[in-house]
Amino acid sequence: MPNLTTPRVRFAPSPTGYLHVGGARTALFNWLFARHEGGILILRIEDTDAERNRPELVGGILEGLRWLGIAWDEGPIFQSDRLPMYRSAAERLLASGAAFPCYCKATAYAGGDAAPSETDEGEGDDEGPNSQRAAACPCRDLSPGLREIRKQEGMAYAIRFRVAREGVTNFEDAVFGPREVQNAEIEDFVLLRSNGVPTYQLSVVVDDIDMRITHIIRGADHLSNTPKQVMIYRALGAEPPIFAHVPLILGPDRTRLSKRHGATSVGSYADEGFLPEAFRNFLALLGWSPGDDSEFMRTHELIERFALSGVSRTNAVFDRPKLEWFNTQYLQKPPVEDLLPYVEAELKRASIWQDAWGGPEKAWFAHAVDLIRPRTRFLGDFSAWARAFFTDDFDYDAEAREKFWKDDRLPGMLAKLADALATLPEWNHDACDAAVRGLAAAEGVKAGLLINAIRVAIVGRAVAPPLFETMAVIGKDRVVARIRRALPSMTSAKTSA
RNA sequence: GGCGCUAUGGUGCAACGGUUAGCACGCGGCCCUUUCAAGGCUGAAAUACGGGUUCGAUUCCCGUUAGCGCUACCA
């Protein structure tokens with residue numbers, strides 16, 4: 001049987017840009033809350049502003065959400081498909097007297113110069129003229145006669161909410177506590193534009209009522225406008241839900257995170273090789289904490305521990321280095337199986353994936369990934385510095401050659417080593433270890449000299465996992481071949497010098 | 001300008017009247033070591049300022065300052 005108290009929340013982006021970090025965090029909180037409470041998450045696209053709305057961006061937003069692993073239960077629902085519902089709500093408010101038609105010109109309140117303020121003593125270096133708050137619209141008290149005349153004239157009108165001149169409006173915020181504002185502070189705001197399109201204030205309330213939203217979790221930038229929405233709820237005969245305004249995410253300069261702070265779309269983090277779970281963990285801690293010092297929390301734990309009571313009221317600065325740290329943690333700590341699909345995708349992207357690794361050679365693949373991952377920071381590392389683990393098509397890093405191939409005894413010793421390795425009956429860490437150290441002893445050189453040179457020969461880099469395990473993973477034939485292949489390069493590097 | 005919110009190291013969080021103010025990132029040092037990471041140990045680093053309330057304030061109240069938000073026929 002349906003539980004009448006099932007929490008219902010929503011994430012309601014407007015397609016005026018890509019899914020950015022702030023939106024992603026809001027979506028995450030809604031999702032964590034829904035999962036924790038056994039509730040429903042609805043995705044709603046707020047696209048009533050035809051001017052700024054870019055329909056083609058919706059796909060990108062959904063894609064970003066999917067990458068983040070945030071699955072919605074209902075929707076996406078487009079507000080642009082529901083215009084009649086908002087209009088009829090506005091008509092109802094008009095009929096009940098809670099709203100009134102406004103015949104002012106649309107520009108009169110649009111931050112323009114409708115009311116050339118007589119009190120402009122300001123320096124006027126910025127915007128300037130409108131320093132007084134918008135007074136109540138004069139149409140509010142239009143006499144019935146005059147209103148009738150306007151109507152006859154067929155003048156276009158907007159519908160404004162008739163805000164009480166006195167008293168207070170209050171509501172409950174799960175994060176900021178009980179709120180109360182003076183009605184006198186609020187202007188007669190527009191509900192329905194003169195072109196018949198609803199404003200955010202109207203559509204958001206009508207939808208939230210219609211969708212039976214129980215908790216509105218959204219950015220704190222909406223806190224100041226919430227009283228207006230509460231008024232609409234009550235005028236519509238509905239009880240407002242519980243609000244939970246979450247603090248904003250700022251850039252390093254403490255201004256609201258925006259494009260000029262660099263990468264702010266979640267898609268760019270996907271492209272950079274971040275793991276979605278790492279991103280989620282990082283985002284979750286921006287404005288929320290479980291109440292203790294826990295930081296590394298896998299998603300199931302985030303869901304388990306998430307509560308609105310742990311949401312902070314202070315804005316948080318997006319700290320990229322910490323995000324990267326989380327990524328290394330998620331690259332290194334979880335069971336290697338969790339990582340395999342991501343590495344597979346990365347290798348496919350780099351065109352060096354082989355299907356056998358997903359089948360008969362899966363154990364080998366897992367082992368290789370496990371060996372490589374302690375040194376990775378991004379998924380791209382698997383196809384970059386660790387490329388030689390997956391393909392013979394790799395080159396030698398110039399610095400690595402310079403650093404570890406300069407001893408002129410190397411070609412001779414490594415030639416011998418290759419021969420010795422080729423005859424090894426067993427191929428594993430210990431056998432390689434014994435062969436290399438044995439040769440070093442016989443030649444009277446430090447094992448490190450050979451170890452470092454071999455590493456460059458078989459993986460092309462100075463930086464790689466411990467050598468003998470690397471040799472074991474790469475395999476006997478390939479190791480021998482790679483050492484022999486490298487010999488000329490060492491010699492030429494020598495003779496040319 | 002008006003209204004509101006916020007204020008713990010550089011950053012993210014903890015301490016929700018009594019702690020030598022804790023953890024993590026980042027930064028420095030040491031250990032480990034086969035390169036580079038990881039890991040372990042360790043160092044520097046904070047309660048914005050001023051008044052109250054209280055036996056006792058990071059914590060409660062007021063003011064100041066600063067930052068942010070809202071103040072659109074944008075969301």
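Chain naming here is simple, since letters A, B, ... match the order of the sequence lines and numbering starts at 1 in each.
In this model, the phosphate group of B/rU35 is not approached by any side-chain N or O of A/Arg401 to a distance below 4.0 Å at OP1 or OP2. Regarding contacts with the backbone of B/rU35, every side-chain N or O of A/Arg461 stays at 4.0 angstrom or more from both OP1 and OP2.
Not counting sequence neighbours, the partners of A/Arg482 by the salt bridge (Lys or Arg N to Asp or Glu O under 4.0 Å) test are A/Asp392. Considering only residues two or more places apart in sequence or on other chains, A/Glu443 meets the salt bridge (Lys or Arg N to Asp or Glu O under 4.0 Å) condition with A/Lys416. Shown here are the salt bridge (Lys or Arg N to Asp or Glu O under 4.0 Å) partners of A/Asp293, two or more places apart in sequence or in another chain: there are none. Every residue two or more places apart in sequence or in another chain was checked for a salt bridge (Lys or Arg N to Asp or Glu O under 4.0 Å) with A/Glu469, and none qualifies. In this structure, A/Phe176 has no ring pair (Phe, Tyr, Trp, His ring centres under 6.0 Å) partners at least two apart in sequence or on a different chain.
Between A/His222 and A/Ser312, the residue anchored closer to the 5' end of RNA chain B is A/Ser312, taking for each the nucleotide with the nearest heavy atom. Place A/Glu295 and A/Arg256 on RNA chain B by their nearest nucleotides, and A/Glu295 ends up nearer the 5' end.
Note: A/Phe306 and A/Phe29 meet the aromatic proximity criterion, with ring centroids under 6.0 Å apart.
Residue pairs satisfying the salt bridge (charged side-chain N to carboxylate O under 4.0 Å, His left out) criterion with at least one member in residues 371-384 of chain A, sequence neighbours excluded, are listed as follows: A/Glu324-A/Arg377, A/Asp370-A/Arg373.
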Can you build the contact string for nucleotides 4-11 of chain B? Use B for base contact, S for sugar-phosphate-only contact, and - for no protein heavy atom under 4.0 Å.
SSSS---S
Each nucleotide in nucleotides 36-45 of chain B should get exactly one letter: B, S or -. Can you fill that in based on protein heavy atoms under 4.0 Å?
BBSS------
Where do N or O atoms of nucleotides 60-66 of chain B meet protein N or O atoms at under 3.5 Å, pair by pair?
none

Any protein N or O atoms within reach of nucleotides 19-22 of chain B? Criterion: under 3.5 Å, listing atom names and distances.
| residue | atom | partner | partner atom | Å |
| --- | --- | --- | --- | --- |
| B/rG22 | N2 | A/Asp293 | OD1 | 2.7 |

Enumerate, atom names and distances included, each donor-acceptor pair closer than 3.5 Å involving a side-chain atom of residues 280-292 of chain A, sequence neighbours excluded.
| residue | atom | partner | partner atom | Å |
| --- | --- | --- | --- | --- |
| A/Arg280 | NE | A/Leu68 | O | 2.7 |
| A/Arg280 | NH1 | A/Thr299 | OG1 | 2.6 |
| A/Arg280 | NH2 | A/Leu68 | O | 3.3 |
| A/Asn281 | OD1 | A/Met297 | N | 2.8 |
| A/Asn281 | OD1 | A/Tyr330 | OH | 2.5 |
| A/Asn281 | ND2 | A/Glu295 | O | 2.9 |
| A/Trp288 | NE1 | A/Ala307 | O | 3.2 |
| A/Ser289 | OG | A/Gly291 | N | 3.1 |
| A/Asp292 | OD1 | A/Ser294 | N | 2.8 |
| A/Asp292 | OD1 | A/Ser294 | OG | 2.7 |
| A/Asp292 | OD1 | A/Arg305 | NH2 | 3.4 |
| A/Asp292 | OD2 | A/Ser294 | OG | 3.4 |
| A/Asp292 | OD2 | A/Arg305 | NH2 | 2.7 |

Intra- and inter-strand pairs of RNA chain B in dot-bracket (Watson-Crick or G-U wobble, both distances under 3.5 Å; | for another strand):
(((((((..((((....[...)))).(((((.......)))))....(((((..]....))))))))))))....
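Between A/Glu187 and A/Arg140 no salt bridge is recorded (no basic side-chain N to carboxylate O distance below 4.0 Å).
No more than 12 heavy atoms of other residues, nucleotides or ligands shown are found within 6.0 angstrom of CD on A/Glu166.
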